[in-house]
Every structure is written in structure tokens, then in C-alpha cells.
Amino acid sequence: MPQLVAPTTRLHRSWLASLAEWGVDEHGERVHQHGASLRPEDDAVDAAGFAAWVQRLRREADPAAERPRGHVPATNLWVTEGSDYLGAISLRHALSPALVEVGGHVGYGIRPSARGRGLATWALGQVLPRARGLGLERVLLTCDDTNPASAAVIERNGGVLEDVREHAPGARVRRYWITVST
């Protein structure tokens, strides 16, 4: 059975295996793992860097914590099964102007070897009550227009398409709202 857990150093080895699955793009850059909250300055490969990153992820939920300009408080959770890291989901407590356009309240990613099992749909369903607990009535989710699997995850959790916007030349994003309280 999958679980949502707070980021933990005990999953370092499994997380590294997941990171390798994401691969690199045509420029040799590591493919972005949605929901992972890695920043360019994070060195999560070695044990000390990973521990520092895990601590930062845990602190992000604290509204009083320092954060880069434009970042908002967020609850970061990992999708796990036993000692296996399967993915991550992040619930942002508010929207910045940039998140209104791309990103929304929730970001998630499931490692390639764990896809097709309904884990993203399950994780999003588990996070929506937490959004209610934060006082959010609706949450915004976005996905690339070329990602039908993510669109299906959002729609299975009640997402209603608001629009599709171009956010960069040739890159379109689908914007959905999910009502989490009545």
C-alpha cells in the first residue's frame, strides 16, 4: 500500500535510483522532477546535501520560514511503499502571480518505473483534504498541454478545465480548478 510521508533521509538510496530514472534532456540537464522541489543550489546526491535538502523541504510548510522571493509556503510529501520512494507531491498554501500562470497549488511527479499504477491520482486525492484544512476552497493545478496522463489525474479528482494558455513560445499549459470545500 502506498503512503504519503514527510521527506526523510532514510529514503536517500531509493530517491537516488528514482533520480537516475528521470534522465537528462537534449542539453544534458537533468529532467525536472515535478514535486521534488529541487533548486539549482541543492546537492541532494551526497548524504549531507540530501539531509540539508530534506530539512529545507520540511521547513517549507512553516509560514514564518525564510524562502526565496516569489516562493510560498508548501507542504511537501513523498509517495512511498515500504522503503521505496515512488514520487512526490507538493501542496502550496497560496498562489504567487507566477503560480497562477504555471504551477498552481499542487505539483506532483511519479518516478517512471512506478507510473501506470494510479499513484498520482491517489496522491492528489489524499492531498485535497489537506488543502481544505488550510482553508482553501479551490485549488489550481496545471499541466503541460502535451501531458494527457497528468490531465487525466486532475480530471479524475474533479478538475474543471478553465483554459489552455501559452506560457512560452510553443509551450502551452492546461489550467484546472478543483473545488475542495463547499
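Below, all heavy atoms of this structure are taken into account, side chains as well, without hydrogens, waters or symmetry copies. Not measured: the values here are computed from a predicted model. The first residue in the sequence is number 1, and the count goes up from there.
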Step through the shown structure and confirm whether more than 12 heavy atoms of other residues, nucleotides or ligands are within 6.0 Å of CD on E66. no

Just how far is it from atom CD1 of I110 to atom OG of S18, taken to the nearest 0.5 Å? 9.0 Å

For residues 1-12, which residue pairs pass the side-chain hydrogen bond (donor to acceptor under 3.5 Å, both in side chains) check, not counting sequence neighbours? none

Can you confirm if the NZ or CZ of R58 lies within 45° of the ring axis of W78 and under 6.0 Å from the centre of its six-membered ring? no

Do L136 and V160 share a hydrophobic cluster (ILVMFWY, side-chain heavy atoms under 4.5 Å, transitive)? no

List, one per line, each side-chain donor-acceptor pair under 3.5 Å for residues 167-174, sequence neighbours excluded.
from : atom 1 : to   : atom 2 : distance (Å)
R174 : NE     : Y176 : OH     : 2.9
R174 : NH1    : D145 : OD1    : 3.2
R174 : NH2    : Y176 : OH     : 3.1

Report, as yes or no, whether the 6.0 Å neighbourhood of atom CZ on R130 holds more than 12 heavy atoms from other residues, nucleotides or ligands. no

Are V164 and V153 connected into the same hydrophobic cluster when the rule is that any two of I, L, V, M, F, W, Y join if their side-chain heavy atoms are below 4.5 Å apart? yes

Should V100 and R175 be marked as a side-chain contact (heavy atoms from CB on, under 4.5 Å) after you check the CA-CA gap, both sets of side-chain angles, and the distance that decides it? CA-CA 9 Å; V100 168; R175 298 174 67 257; 3.8 Å; yes

Does N147 use its side chain to pair, donor to acceptor, with the backbone of S150 at less than 3.5 Å? yes

Between E21 and S113, is there a donor-acceptor pair closer than 3.5 Å when you use the side chain of the first and the backbone of the second? yes

For N76 and A88, indicate whether the former's side chain and the latter's backbone hold a donor-acceptor pair under 3.5 Å. no

With distance as the sole test, does R111 use its side chain to make a donor-acceptor pair with the main-chain N or O of Y85 at under 3.5 Å? yes

T142 (side chain) donor-acceptor with G103 (main chain) under 3.5 angstrom: yes

Looking at every non-hydrogen atom in both residues, tell me the closest pair between V180 and A131 and how far apart they are. CG2-CB, 4.4 Å

Are V79 and L128 linked, directly or through intermediate hydrophobic residues, by side-chain heavy-atom contacts shorter than 4.5 Å (ILVMFWY only)? yes

Joint hydrophobic cluster, L4 plus I178, side-chain heavy atoms closer than 4.5 Å: yes

Answer whether the closest heavy-atom distance between the side chains of R67 and P73 falls below 4.5 Å. yes

Test side-chain contact (heavy atoms from CB on, under 4.5 Å) on L141 and W177; report intermediate values, then the result. CA-CA 6 Å; L141 288 94; W177 288 95; over 6 Å; no

Between R165 and E101, is there a salt bridge with N-O shorter than 4.0 Å? yes

Student check: side-chain heavy atoms of L77 and V5 closer than 4.5 Å: no

Hydrophobic cluster membership, with links at side-chain heavy-atom distances under 4.5 Å among I/L/V/M/F/W/Y: are Y108 and L134 in one? yes

Scanning both residues in full, the closest heavy-atom pair of A61 with T75 reads CB-OG1, 4.0 Å

Taking C-beta and beyond as the side chain, do V72 and L95 meet within less than 4.5 Å on heavy atoms? no

Donor-acceptor pair, side chain of H105 and main chain of R92, under 3.5 angstrom: no

Residue pair L57 / E60, side-chain heavy-atom distance below 4.5 Å: yes

Sequence neighbours excluded, which residues qualify as salt bridge (charged side-chain N to carboxylate O under 4.0 Å, His left out) partners of R117? E81

H93: ring-ring contact (aromatic ring centres under 6.0 Å, His included) partners, not counting sequence neighbours: none

So do L86 and T80 actually touch side chain to side chain, heavy atoms under 4.5 Å? no

Do V139 and T179 pass the side-chain contact (heavy atoms from CB on, under 4.5 Å) test, and can you show the C-alpha distance, the side-chain angles, and the key distance before you say yes or no? CA-CA 7 Å; V139 293; T179 299; over 6 Å; no

Tell me every residue that passes side chain to side chain donor-acceptor pair (under 3.5 Å) with W122, counting only those two or more places apart in sequence or in another chain. none

Considering residues at least two apart in sequence or located in another chain, which fulfil the salt bridge (charged side-chain N to carboxylate O under 4.0 Å, His left out) criterion with D62? none

Worked check of side-chain contact (heavy atoms from CB on, under 4.5 Å) between V45 and L16: CA-CA 7 Å; V45 174; L16 284 174; 4.2 Å; yes

Nearest heavy-atom pair of I154 and L124: which atoms, and what distance? CA-CD2, 4.1 Å

Parallel, tilted or perpendicular: which describes the rings of W53 and W15, with under 30° parallel and over 60° perpendicular? tilted

